[in-house]
K.L.:
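First, the structure itself, so that you have it in front of you.
So that the names make sense, note that chain A is the first sequence line, chain B the second, and so on, each numbered from 1.
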Number of protein chains: 2
Amino acid sequence: MTDISRRQVTLDEVAERAGVSRSAASRVINNAPHVSKAKREAVQRAVVDLGYVPNATARALATQQAGAVVLAISSDNPQVFADPFFAEVVVGVNSVLEETELELMLLLATSTRGQTRLEQLLRTRQADGVMMMSTHGDTLAELADKADVPVVFGGRPVNFEPRFYVDADNRGGARLATEHLVDKGRTRIATITGRMDEGAGTARFKGYQEALAVAGLDAGRVAHGDFSEDGGSRAMAELLSEHPDLDAVFIASDQMAIGALRVLTDAGRSVPGDVAIVGFNDIPSARHTAPPLTTVNQPIQALGREMARMLQSLMSGETPSPLILPTRLIQRAST
Amino acid sequence: MTDISRRQVTLDEVAERAGVSRSAASRVINNAPHVSKAKREAVQRAVVDLGYVPNATARALATQQAGAVVLAISSDNPQVFADPFFAEVVVGVNSVLEETELELMLLLATSTRGQTRLEQLLRTRQADGVMMMSTHGDTLAELADKADVPVVFGGRPVNFEPRFYVDADNRGGARLATEHLVDKGRTRIATITGRMDEGAGTARFKGYQEALAVAGLDAGRVAHGDFSEDGGSRAMAELLSEHPDLDAVFIASDQMAIGALRVLTDAGRSVPGDVAIVGFNDIPSARHTAPPLTTVNQPIQALGREMARMLQSLMSGETPSPLILPTRLIQRAST
DNA sequence: CCAGAAACTGGGAGCGCTTCCAGGCGACCA
DNA sequence: TGGTCGCCTGGAAGCGCTCCCAGTTTCTGG
């Protein structure tokens, strides 16, 4: 703080000013033992006098530790990250990383270029750990799981169970939502699924099926969406023409629910009078639709937090167990 | 790709296998001149055979270039980043960084710890450049502007004009919105401001004042909010009791507009019949309120993109000019 | 008061890569 | 054929830090 010098202050200069060897200075910086009290203090004084800050790069080279972890998001759609979902994940991740000396790197592996970068990252240990969010169970995911860098997954890709992951209880949440519909006395309950090549999509569909099986109801009214608002509209229209008798629909995302809601209203069906609907995700918009959307909330920040924690534990040599975070039903006026 | 060896492959190994010196190998890796065609090819072959990937850390140490830039967000509220706004900025930033060899680091400087980190970053050149989004014109911002690392600001802090920044035209957008209200024949136009300790807050207020001045209308109906939904509710209630005659209000954020809308409806005022309202930001929810919100859209991804571009230009020694991105009115049913 | 243990100390060898530099060598021109 | 120029080439010196190791000092306890 004292000296706004242009040049970077090095450990050698600190050592010299303190009248000790570089080794000694290094020891006090990393507060390692075997330094006399006098020298330790001399070094500390020199550090503040000179405004010394260790050079992270040099340290990384010497210790073979990058001092950074990366949050990698692999997808074919450059816009995915615009989803507020990830912003929340980042907040969670950051909250635990903040207690650490670790830096956070962001890798949006959307193009081939990004994918390559991720691969190299995995192979060359440029980061001390990676948090991977990959929607598709592509080869990249499996590669990541096998890499010798600690990797924890956020969410599970479809068709592939990583060794370490934290996921929201999508299946349980879907079951909850569907049961809620059953409890409301609905009997002809349809669903609009998400992308079935994503873990969340298949899991939520499974939850729907389970709940109806338990209730002894028909789970045959299904249309496939893609998590988007337009997809929801299309799927709802399809549902309406194939199964005009439906009296409720569980929709695998709020975005789709918003699209579906519009189609329903346009078709003259009242919500929840004629058909009750419940969404998933609890996005902010869900409370502002007409009627406000009953939906399933998942603890997104907690997801990020737990990913970071699990990564830490992995990095310190432990073998954590996968974690599934609870989801809960948020009841509003659409049911 | 060929060899999944545990150990990192080094330049020396490549050189040895290719039968050249390390210097030569280095030259071809960085495709520098002064290497014969034969050797160049030999090295290239060795690279793919061995699956060599340069060690970024070592390179960084040798070249004194980190190979990374950071996006720093300084705020006193750990939750700011949960705002989808930043997610979009990141998408924009990433889109240009993807063409580069640069890594993206994220620094959410919310705690004191984070602040310290940011300061050190600025002083020690651990990154080759920083994109700084700081709402308050605190000392940190000024420090950043003076740092010998290239720094570009996203948005302008209040009370302080950075040398390099890209910002949305908040003032122009606010003027647009207010003029729109005037055009609709409203004459008793109030405003709910954002936080006046943020650049966006003051700029939008200024735009409001300008528009009314031009129209020769009274700009005295103002209540201060804090950009949040609750703050909007409170401010609207205040407005209603202080200036019950208002027939329109320009609200400095959609979040506040949503809160205000509820208060208005509860108070029995119809929108836009009794009072027309326009928000700012064009968040997704804005299209789902009842009635859908007229608002001002700002090109957020473009903001990120331009920040990254400006930073690049700065890093390559140029002296770019500040940039102000246009905002535009999105007309919906609330006016 | 002495042997042995324990704590300190600084030298030096890296970590993997870039880059300066001096020497070598072939080509080209007169 | 000799001289010059310019392009290769590899050796070696770092970039700033960690950490092993051997040597020195200080401190025990008997």
Side-chain angles (χ1 to χ4, degrees), chain A residues 5-44 46-47 50-68 101 120-121 123-128, chain B residues 5-44 46-47 50-68 101 120-121 123-128:
Chain A
S5 65
R6 249 61 195 109
R7 260 196 23 69
Q8 152 104 268
V9 179
T10 75
L11 226 207
D12 282 291
E13 303 177 54
V14 171
E16 185 180 4
R17 180 181 245 262
V20 304
S21 72
R22 185 175 8 142
S23 320
S26 174
R27 281 186 210 107
V28 1
I29 299 298
N30 300 293
N31 50 70
H34 303 310
V35 176
S36 68
K37 193 158 170 241
K39 299 216 170 193
R40 185 172 297 270
E41 281 166 1
V43 171
Q44 282 161 344
V47 165
L50 266 32
Y52 171 74
V53 177
N55 179 316
T57 307
R59 180 179 290 186
L61 184 58
T63 58
Q64 302 285 64
Q65 302 220 322
E101 294 291 76
Q120 297 194 345
L121 187 78
R123 298 185 41 242
T124 62
R125 226 191 163 76
Q126 308 284 28
D128 298 330
Chain B
S5 63
R6 248 60 193 113
R7 261 194 23 68
Q8 149 105 269
V9 179
T10 74
L11 225 208
D12 282 292
E13 302 176 54
V14 171
E16 184 179 7
R17 179 182 246 262
V20 305
S21 72
R22 184 173 12 144
S23 322
S26 174
R27 280 186 210 108
V28 2
I29 299 297
N30 300 293
N31 50 70
H34 304 309
V35 176
S36 67
K37 194 160 170 237
K39 300 216 168 192
R40 187 173 295 271
E41 282 166 359
V43 171
Q44 282 160 345
V47 165
L50 265 32
Y52 171 74
V53 177
N55 180 316
T57 307
R59 181 177 293 191
L61 184 59
T63 59
Q64 301 285 63
Q65 303 220 321
E101 294 291 77
Q120 297 195 343
L121 187 78
R123 298 186 42 242
T124 63
R125 227 194 160 75
Q126 307 286 25
D128 298 330

K.L.:
Quick one: is C/dC8 close enough that its OP1 or OP2 comes under 4.0 Å of any side-chain N or O from A/Lys37?
P.N.:
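Answer no for this pair, as no side-chain N or O of A/Lys37 is under 4.0 Å from OP1 or OP2.
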K.L.:
Where the side chain of B/Ser36 is concerned, which of C/dC8, D/dG16, D/dT9 is the nearest nucleotide?
P.N.:
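Selected nucleotide (nearest to the side chain): D/dT9.
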K.L.:
Report the end-to-end axis angle of the helix from C/dC1-D/dG30 to C/dA30-D/dT1; each axis comes from five terminal pairs, and the value is rounded to 10°.
P.N.:
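It comes to 30° between the two terminal axes.
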K.L.:
Both A/Ala58 and A/Lys39 contact DNA chain C. Which one's nearest nucleotide lies toward the 5' end?
P.N.:
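First, find each residue's nearest nucleotide; the 5'-ward one identifies A/Lys39.
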K.L.:
Which nucleotide in the list D/dC19, C/dG16, C/dG10 gets nearest to the side chain of A/Thr63?
P.N.:
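In terms of side-chain proximity for A/Thr63, the closest of D/dC19, C/dG16, C/dG10 is D/dC19.
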K.L.:
Could you give the distance from CG (B/Asp128) to OG1 (B/Thr63), rounded to the nearest 0.5 Å?
P.N.:
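Those atoms lie 8.0 Å apart.
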K.L.:
Among D/dG10, D/dG16, C/dT9, which is the nearest nucleotide to the side chain of A/His34?
P.N.:
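Among D/dG10, D/dG16, C/dT9, the one nearest the side chain of A/His34 is C/dT9.
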K.L.:
Please report the distance, rounded to the nearest Å, between CD in A/Gln65 and P in D/dT18.
P.N.:
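So the CD-P distance, A/Gln65 to D/dT18, works out to 12 Å.
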K.L.:
What is the separation between atom CZ on A/Arg27 and atom C1' on C/dG12, rounded to the nearest whole Å?
P.N.:
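Answer to the nearest Å: 13 Å.
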K.L.:
More 5' along DNA chain D: B/Pro33 or A/Thr57, using each one's nearest nucleotide?
P.N.:
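First, find each residue's nearest nucleotide; the 5'-ward one identifies B/Pro33.
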K.L.:
Do any side-chain nitrogens or oxygens of B/Ser26 fall under 4.0 Å of OP1 or OP2 in C/dT18?
P.N.:
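Answer yes for this pair, as a side-chain N or O of B/Ser26 is under 4.0 Å from OP1 or OP2.
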K.L.:
Using OP1 and OP2 only, check whether a side-chain N or O of B/Asn30 sits under 4.0 Å from C/dT18.
P.N.:
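B/Asn30 to C/dT18 OP1/OP2: side-chain N or O found under 4.0 Å.
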K.L.:
Can you identify which nucleotide, out of D/dT18, C/dC17, C/dG10, has its nearest atom closest to the B/Thr10 side chain?
P.N.:
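Looking only at side-chain atoms, B/Thr10 lies closest to C/dC17.
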K.L.:
Do the side chain of A/Arg22 and the base of D/dT18 come within less than 3.5 angstrom through a donor-acceptor pair of N or O atoms?
P.N.:
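By the distance-only test, yes, there is a pair.
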K.L.:
Quick check: closest heavy atoms across A/Gln8 and A/Asn55, and the distance to 0.1 Å?
P.N.:
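Reported closest heavy-atom pair: NE2-ND2, 3.2 Å.
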K.L.:
Report yes if a side-chain nitrogen or oxygen of A/Ser23 is closer than 4.0 Å to either non-bridging phosphate oxygen (OP1 or OP2) of C/dG10; otherwise report no.
P.N.:
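It does not, given that no N or O in the side chain of A/Ser23 lies less than 4.0 Å from OP1 or OP2 of C/dG10.
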K.L.:
Using a 3.5 Å distance criterion without hydrogens, assess whether the side chain of B/Arg123 forms a donor-acceptor pair with backbone atoms of A/Val53.
P.N.:
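Looks like no, no N/O pair under 3.5 Å.
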K.L.:
Report, as yes or no, whether the 6.0 Å neighbourhood of atom CD on B/Glu16 holds more than 12 heavy atoms from other residues, nucleotides or ligands.
P.N.:
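Open: at most 12 neighbouring heavy atoms sit under 6.0 Å from CD of B/Glu16.
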K.L.:
If you pin B/Ala24 and B/Leu61 to their nearest nucleotides in DNA chain D, which one's is more 5'?
P.N.:
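Its nucleotide being nearer the 5' end, the pick is B/Ala24.
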K.L.:
Can you check whether A/Gln64 has a side-chain N or O nearer than 4.0 Å to OP1 or OP2 of C/dG14?
P.N.:
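No, no such contact exists.
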K.L.:
Rounded off to whole Å, could you give me the CD-to-P distance for the B/Gln8 and C/dC15 pair?
P.N.:
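Computing the B/Gln8:CD to C/dC15:P distance gives 12 Å.
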K.L.:
Return all side-chain donor-acceptor pairs below 3.5 angstrom for residues 31-43 of chain A, not counting sequence neighbours, or 'none' if the list is empty.
P.N.:
unit_1, atom_1, unit_2, atom_2, d
A/Ser36, OG, A/Lys39, N, 3.4
A/Arg40, NH2, A/Ala32, O, 2.9

K.L.:
Between A/Ala66 and A/Ala127, which heavy-atom pair has the shortest distance, and what is it?
P.N.:
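Between these two residues, the closest heavy atoms are CB-CA, 3.8 Å.
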K.L.:
Is there side-chain contact between A/Arg59 and A/Asn30, with at least one heavy-atom pair below 4.5 Å?
P.N.:
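In contact.
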K.L.:
Could you give the CG-to-C1' distance, from B/Asp12 to D/dG10, as a whole number of Å?
P.N.:
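About 12 Å, once rounded to whole Å.
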K.L.:
Output the rounded distance in Å from CZ (A/Arg59) to C1' (D/dT18).
P.N.:
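For the pair A/Arg59 CZ and D/dT18 C1', the rounded distance is 9 Å.
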K.L.:
Rounded to whole angstroms, how far apart are CZ on B/Arg40 and P on D/dC7?
P.N.:
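Taking atom P of D/dC7 as the reference, CZ of B/Arg40 is at 14 Å.
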